[in-house]
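Data first, discussion second: the structure below is written as structure tokens.
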Protein chains: 2
Amino acid sequence: MRARIEDVAAAAGVSMKTVSRVFNREPNVREETRLKVEEAARRLRYRPNPSARSLAGHRSYLISLLYDNPSSNYVMEIIEGVLAACEQAHYGLTLRPVDFGRRGHVEAVESLVMQYRPDGLVLTPPLTDDAPLLRRLRELGVRYATISAKRDSSGIGVTLDERAAVADMMAHVIALGHRRIGHITGHRSHGGRAWRLAGYLDGLRRAGIEPDPELVVEGEFSFESGIAGARRLLDLDDPPTAIFGANDDTACGVLYEAAARGLRVPEQLSVFGFDDTPMSRRVWPSLSTVRQPSREMGRIAAQQLIAAISGGSAQVVRVPYQLQIRHSTAPAPPR
Amino acid sequence: MRARIEDVAAAAGVSMKTVSRVFNREPNVREETRLKVEEAARRLRYRPNPSARSLAGHRSYLISLLYDNPSSNYVMEIIEGVLAACEQAHYGLTLRPVDFGRRGHVEAVESLVMQYRPDGLVLTPPLTDDAPLLRRLRELGVRYATISAKRDSSGIGVTLDERAAVADMMAHVIALGHRRIGHITGHRSHGGRAWRLAGYLDGLRRAGIEPDPELVVEGEFSFESGIAGARRLLDLDDPPTAIFGANDDTACGVLYEAAARGLRVPEQLSVFGFDDTPMSRRVWPSLSTVRQPSREMGRIAAQQLIAAISGGSAQVVRVPYQLQIRHSTAPAPPR
DNA sequence: CTGTTAGCGCTTTCAT
DNA sequence: ATGAAAGCGCTAACAG
């Protein structure tokens, strides 16, 4: 049978509570005692029973990740990071796909919270800026960390300066001689949309280029909206020589439409995206994009959250970005 | 505060045990009594405490999904399906990325099992055919369901006739006039490799085409191996006019290499894959491939597993495939 | 710094 | 068909 805390206590010649203290890293245990306990636990291959722990401790040792599946790669990387942090802190993870657009999604989250009583949540965009959801979470008294939130609402989480990243990328493209640069935006409900648009405008302004409203078309972070956006942009009387898709999916849509028209990338059209998903390396030509350390961001968000749960201090950590210049950006064609 | 089983019992005028019976769908409860209990539970918004339930019931109500991340899209779809089944059965899900190649991976799984005591596992390829892992699981007495296992080892799970699917796809390509068809195989440790190779050979045989060993090159289900395989195949003195990549990633590598050489797909080269990942619709030209209902397969695997856990009967369910003919396959070029 | 005692909310076992 | 009592393995609260 499996060893219980009682067995460890007996083997180490201490009380159950002392073993509990050691395992929970509580203070007031002599180094010598701790070693004895650890040794006994190892010998008996003791593993605390999570159910008993939660039941007696009035906490679930569980955190939940809420996502709205913008992209599988993104979510999987976030999951990996969150999982790594959970493992280290001996927390469990539950997943919750949320249908952001659909009514009743707040109730769905509420039901998760009521049922599993997670000690905290990790939110990914666009849920990070879903006002009704955030309000309800606050009413329920659930702590949460945000990843790439437009506005910090919990003081716990992680972000990246998307605006500066895009501005940097714009500088790169402008240095290649491009003056007419199109942008297919992200979905209105995503925080990233505003940041990336702002970075696009920053880039133009810094180069002294007057923004042309015609060159900014609505998208929604999807492959399809990349195709549609590229069509509108390329059908313009004075079409752009470069297009910034608000994320890699969108940029891949642009690539697709260009190929469909027999337009050569990057010779006749430069394209760039944002996220550095694996796909950006797998398309032809490979996509210039901004690398976002998603896995790391997941890890940090969960770490901050667990720190807050454990009564420590937490913050919104800013992580660095990185430009990935590949084969989809090249000097502007002569006019 | 949160309602407990005791409160529901009091409100319904029955004992705790009766409430427990109702919630666990145990027999020996009068219809009338059950309704009373359900009504009281609804009024008090009662949710059983999962920790207490597991502690007293000696089961975790948890299943674990083990995966080795061949592709994010694939894993995410499986997760969604498994999650759907869990939800319905009031089971929790824990995730376990496993580094199949690395030594110590069996111990990593064992540690998961010892710590969380899941009531069962769901295995995805290639873990489904990892002999040392399976042996250890059996020693530990853990039940598991397999998804697309090469060999059925637990009697619980879901499969798809990959061999027949590939043979069908071959028939389609042969009907287009192709005679020299190349194949970049999957990784040796994956069950899918053998099936897909067998389907490729079936297809040739049925058309009376003598297989040419030169046309089969080793791959590993990756984009990179698709590029490498395409190079070898296209550098042949008598290169193929069509190439079957063992999965979509591989096929996308072929597309990439073809584009890099200025070879037009499908006019000069036909390409097809397997899986129908979202990417297959996003590349240019869009990829002909075999659709595998991954989400559904995840759901079924989890359902079967939970049925087995609950003492019911379970089996290996076979699900249907579907050919997706898109723009990467066309009549063979005249010789 | 360490130990004792009393639950946590549920299911089991055994009555009735 | 229903109920009473005895834990499941751990931590909280309080002693010492």
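Convention: sequence-line order gives letters A, B, ...; per-chain numbering from 1.
For the pair B:E6 CD and D:dA5 C1', the interatomic distance rounds to 13 Å; values are reported in whole Å. Spacing between atom CE of A:M16 and atom C1' of C:dC8 amounts to 13 Å, rounded to whole angstrom units. The nearest whole Å value for the distance from the NZ atom in B:K17 to the P atom in C:dT16 is 18 Å. The separation between A:Q115 atom CD and C:dG9 atom P is 17 Å, rounded to whole Å. For B:R59 and D:dG9, the CZ to C1' distance is 19 Å, given to the nearest whole Å. Distance A:K36 NZ to C:dC1 C1': 12 Å, rounded to the nearest Å. Summarising the geometry, the separation between CZ on B:R4 and P on C:dC8 is reported as 7 Å, rounded to the nearest angstrom. What separates NE2 of B:H58 from C1' of D:dA6 is a distance of 11 Å, to the nearest Å.
The side chain of A:R21 lies closest to C:dG3 when the candidates are C:dT13, C:dG3, C:dC10. Here C:dG3 is the nucleotide among C:dG3, D:dA4, C:dT12 with the atom lying nearest to any side-chain atom of A:V14. Taking only side-chain atoms of B:N28, from C-beta outward, the nucleotide of D:dG7, D:dT11, D:dT2 with the closest atom is D:dT2. Of the candidates D:dT11, C:dC10, D:dT2, D:dT2 carries the atom nearest the B:V29 side chain, counting heavy atoms from C-beta on. Comparing C:dT2, D:dT11, D:dC8 by their nearest atom to the side chain of B:L55 picks out D:dC8. Distances were taken from every side-chain heavy atom of A:T18 (C-beta onward) to each of C:dT13, D:dG7, C:dG3; the shortest belongs to C:dG3. Nearest to the side chain of B:A56, among D:dA12, D:dG9, D:dG7, sits D:dG7.
Looking at A:R30, its side chain has no donor and acceptor atom pair within 3.5 Å of the base of C:dT2. Within 3.5 Å, no donor on the side chain of A:R47 pairs with an acceptor on the base of D:dG9, nor the reverse.
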B:E39/B:K36 under salt bridge (charged side-chain N to carboxylate O under 4.0 Å, His left out): CA gap, chis, key distance, verdict: CA-CA 5 Å; B:E39 152 63 14; B:K36 262 197 318 198; over 6 Å; no

CA sep, side-chain torsions, deciding dist, call: B:R96, B:L65, side chain to side chain contact (heavy atoms under 4.5 Å, CB included): CA-CA 6 Å; B:R96 191 66 178 200; B:L65 175 65; over 6 Å; no

Check against side chain to side chain contact (heavy atoms under 4.5 Å, CB included), A:Q292 and A:Y321: CA-CA 6 Å; A:Q292 184 170 196; A:Y321 57 83; over 6 Å; no

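In the model, B:N73 has a side-chain atom that pairs as donor or acceptor with a side-chain atom of A:S72 under 3.5 Å. A:Y46 and A:R2 form no side-chain donor-acceptor contact under 3.5 Å, judged by distance and modelled atom types alone.
Figure legend: cation-pi geometry between B:R53 and B:Y61, with NZ or CZ positioned under 6.0 Å from the six-membered ring centre and within 45° of its axis.
Remark on DNA chain D: of its neighbouring residues B:P27 and A:I5, the 5'-side contact belongs to B:P27, judged by nearest-heavy-atom nucleotide.
Contacts of B:N49 with the nucleic acid, taken as non-hydrogen atoms under 4.0 Å apart, involve only primed sugar atoms and P, OP1 or OP2.
When the side-chain nitrogen and oxygen atoms of A:Y46 are compared with OP1 and OP2 of D:dC10, one or more of them lie within a distance under 4.0 Å. Proximity of A:T33 to the phosphate of C:dT2: a side-chain N or O atom is located under 4.0 Å from OP1 or OP2. Of the side-chain N and O atoms in A:S20, one or more sit less than 4.0 angstrom from OP1 or OP2 of D:dT11.
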